[in-house]
Amino acid sequence: LKSENRLGSYGLRALVAGVLLTISQPLIYLFIRASEKSSQEILALLSRQKTLEVLGLTLLLLVIVVCVNVFLGTAIAAGLHYVKIPYPRLLLVSTVLPLAIPSYVFTYTWKAIFPALEGIWAAAFILSLSTMPYMILAVSISFQRIDSGIIEVARTLGLSKISVFNRVILPQVRRSISAGALLSGLYVLSDFGAVSLLNVETLTVSIQNLFKSSYDRGAASVIGILLFFAAAIFVLFESILKGRDFESRGAEGFQEQIRRIKNSALSALTILVIALYGFLAVVIPFYVLISRYLQNPGIVAFSDLFSAAISTVSVAGLGAFIAFILSLPLALLATQGPSAFAAISGKVILISHALPGVVVGLALVSFGSRLGPLYQSAFLLAFAYAVLFLAKSVASTTAALTSVSPHLKEVAATLGKSKSGIAMQVVFPIALPNLALGVLLVFLTAMKELPATLMLRPTGMDTLATEIWSYAAISRFNEAAPYALLLVIIAAIPTFILTIPRTAKNEIEQKVRYL
Amino acid sequence: LKKSWIAAGVAFAALILGGVSWVVSGPDNSGGQVKELTIYSGRSEEFIAPFFANWEQESGIKLNVRYGDSAELAAQILEEGSNSPADLFLSQDAGSLGAVSIAGLFTKLPTGTGAQIEDIYIAGDRSWIGVTGRARVFAYNPQAVTLLPQSVSDLTKPAYKARVGIAPSNASFQAFVTALITEKGATFAENWLKAMKDNGAQIYLKNSAIVEAIDKGEIDLGLVNHYYTWEVSQALGRDIKVENGFFAPGDIGNLVNVSGVGIMATSEKQQAALDLINYLTSEVAQAKFVKDTHEYSLIPGSKAPASLPELKSIGSPKVDLASLEKVQATQDLLTKVGLL
């Protein structure tokens, strides 16, 4: 039995290595292109003042956005969870809804009201608004998982509410805060839409400019590799900061209705902050899009909207499905306990998440154009989405599978279940809702993707994102508005599903059924 | 519960596969007769699609059009190399055509192609041919500007302090600076850019933003392509307080750039592709460009777009358009001066 397990484990590792190789294509492409340059040229490019300035600006933006997220995002999530407020569900939805708005649409709508908006502070503002939901969502989910029994114990031991939060709750959600910071930081590194519209030259904009202006793919690739290393350092830094794993008691802990703090001043403050965030990040974009649309309703044919929506949903859906399949071996590996191989695999995937769409697009153009009919097919575009957003899928898939308590697996083992039996009958059923969330997250992000879509879509196929782009390119914002509105509304559906609470009660029921 | 999840997954997959196959109808190239042609178009769908539709009707050949940004499509073609599915590349500017041409990916066009087009708007090696003319102008508010500049050098004088808008990150401005470097040398170009910056030139992202800013009264003049006053007025659905002005004949500020087209060397449908080029450069299509997109026809002696002088009378500088591909030096200069 033991040798069989070992064999299975080697097979799994081979699968994981295959997935890593597949998604490393953009990186391989960057190294091939960069190697066309001589080492002097590379050194000159890396050490010129412009490159250093761009790198500095990118890192500054990253730090600002991550800090805002860590403090404000955690505070909002805590308010949503522990302060007595009316309609907590509705407020949660309104703080997560900005996920449905692509960063370029976000920026367009803000610039429609404040045309002078530009520069690093504007970019920090817009990117903080659009990445906050990642933090709120990550932290909220882990608040839901905290064993309220511990909180009760701490309270009976005489700790004040604030000490309970600082000493009992925060340490348990530290990993989630860290994960939220990671997601928003990688988002900042790879974002092109917001920064380019706000005239801020980050590494991504530099790469795009070099590709566009000089057709110098070697130079662009050198900067691409620089971006890769910046992301690598950020990911390693995060894994050091988040510290030791807090042992997950997860769902087996005792969860009763959370006792919310009843304090009118605190409630008012919480509502005010959330309302302000909702106003800036949801009301303003929607207001601009709707008013633009109403200025000239019916300007866009319904059939065009419909076919663009169908294309968007089906290709993004296929991409999410492929990402899910690719994430399974990695998640399974993670359930077999910590190992160096699993840790490194996870890091590689996270780091490649920072590569911008234009790099992944061009890499797949380079490899894909040799594939005959597969090139510029919906499948290759979907595959590009999977490569771009695999990290999102892996993160939630792994979280889903590792959230299953080891004790539970031990119990199953003593009941005579085999390793694969445990995986199929215990781990998967419990993790399934979270696995679905990973698919949703990729689906949601893929619908908003633009640069790779432009390069890889089947010739003649329009998605909502490409239609927005084509009208915005000639300043026809009224025509772009219905497409943007439809995209945001469709993306709001998976966003809404993301906020549905998954209660421990559900999970316990499932466990009982499958044991 | 497990079964219901699997069922949901299967339904989801079926829905997606169905959607994908509904979206993608496979290309059909059976038989010797050319039925389809693939064109990468850097010109926006809104303005060029009617021309394509006309040709499809005339020729009976279906066009698969891939829309994108000219420079990005050029980069994509360079990456695809000999595997490119494109038969033609239609670009907004000469620079992107130049990049593809230097890589040797265009075929040499036979001498009869686009015979009416003036020679200076065709690449020296006949790798591409101009389709429409796009003049650089100064857009201005006639009520605010009484003393019109005669040369781009005038714009650095105190009379225009903080009144001029430019778009240094935009491809059309960079093409102009490239021409400036080619014609007058890098030192001259650097001094001019510095002087513009010191004279308080306002920075915008796009030509259209400059025209809008003049209309709003934020600035009084701006360096743009000629058709943006028309385009912005169309987009806003009203008249605007902006007119086009030309510098003295021969000034580099009157550069005429072109949108143009070339045929990929790898295309197996050369004849059909040539036919499309002949249509785009025909009298009928050229007149339609003038009327519908407010660009210049490149046929000598043809009518100018409404309220604009004839192409000949602009006195555009003699610049080799193929040289506009060298944008890297321009970007480095703009960066050095601090405008990028």
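Lettering of chains follows the sequences in order, A, B, ..., and the numbering in each one begins at 1.
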Counting only heavy atoms closer than 4.5 Å, note whether [X] contacts chain A via side chain, backbone, both or neither.
X: B:Q76; result: both
X: B:Y228; result: neither
X: B:K336; result: neither
X: B:N207; result: neither

What part of [X] gets closer than 4.5 Å to chain B, counting heavy atoms only: side chain, backbone, both or neither?
X: A:F367; value: neither
X: A:T466; value: neither
X: A:L456; value: backbone
X: A:F324; value: neither

What distance separates [X] [atom1] from [Y] [atom2], expressed to the nearest 0.5 Å?
X: B:L63; Y: A:T459; atom1: CG; atom2: OG1; result: 11.5 Å
X: B:S84; Y: A:Q376; atom1: OG; atom2: CD; result: 7.5 Å
X: B:N83; Y: A:S366; atom1: CG; atom2: OG; result: 9.0 Å
X: B:E46; Y: A:Y471; atom1: CD; atom2: OH; result: 5.5 Å

Worksheet item: Do any pairs count as a salt bridge (charged side-chain N to carboxylate O under 4.0 Å, His left out) and have a residue in residues 461-474 of chain A, sequence neighbours left out, and if so which ones?
Response: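 Those involving residues 461-474 of chain A are A:R457-A:D462.
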Worksheet item: Which pair of non-hydrogen atoms, one from B:R66 and one from A:M455, has the smallest distance, and what is that distance?
Response: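 Taking every non-hydrogen atom into account, NH2-O, 2.5 Å.
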Worksheet item: How close do A:L454 and B:E72 get, heavy atom to heavy atom, and via which atoms?
Response: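 Result for this residue pair: CD1-OE1, 4.3 Å.
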Worksheet item: Are the charged groups of B:E79 and A:R33 less than 4.0 angstrom apart, N to O?
Response: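 Yes.
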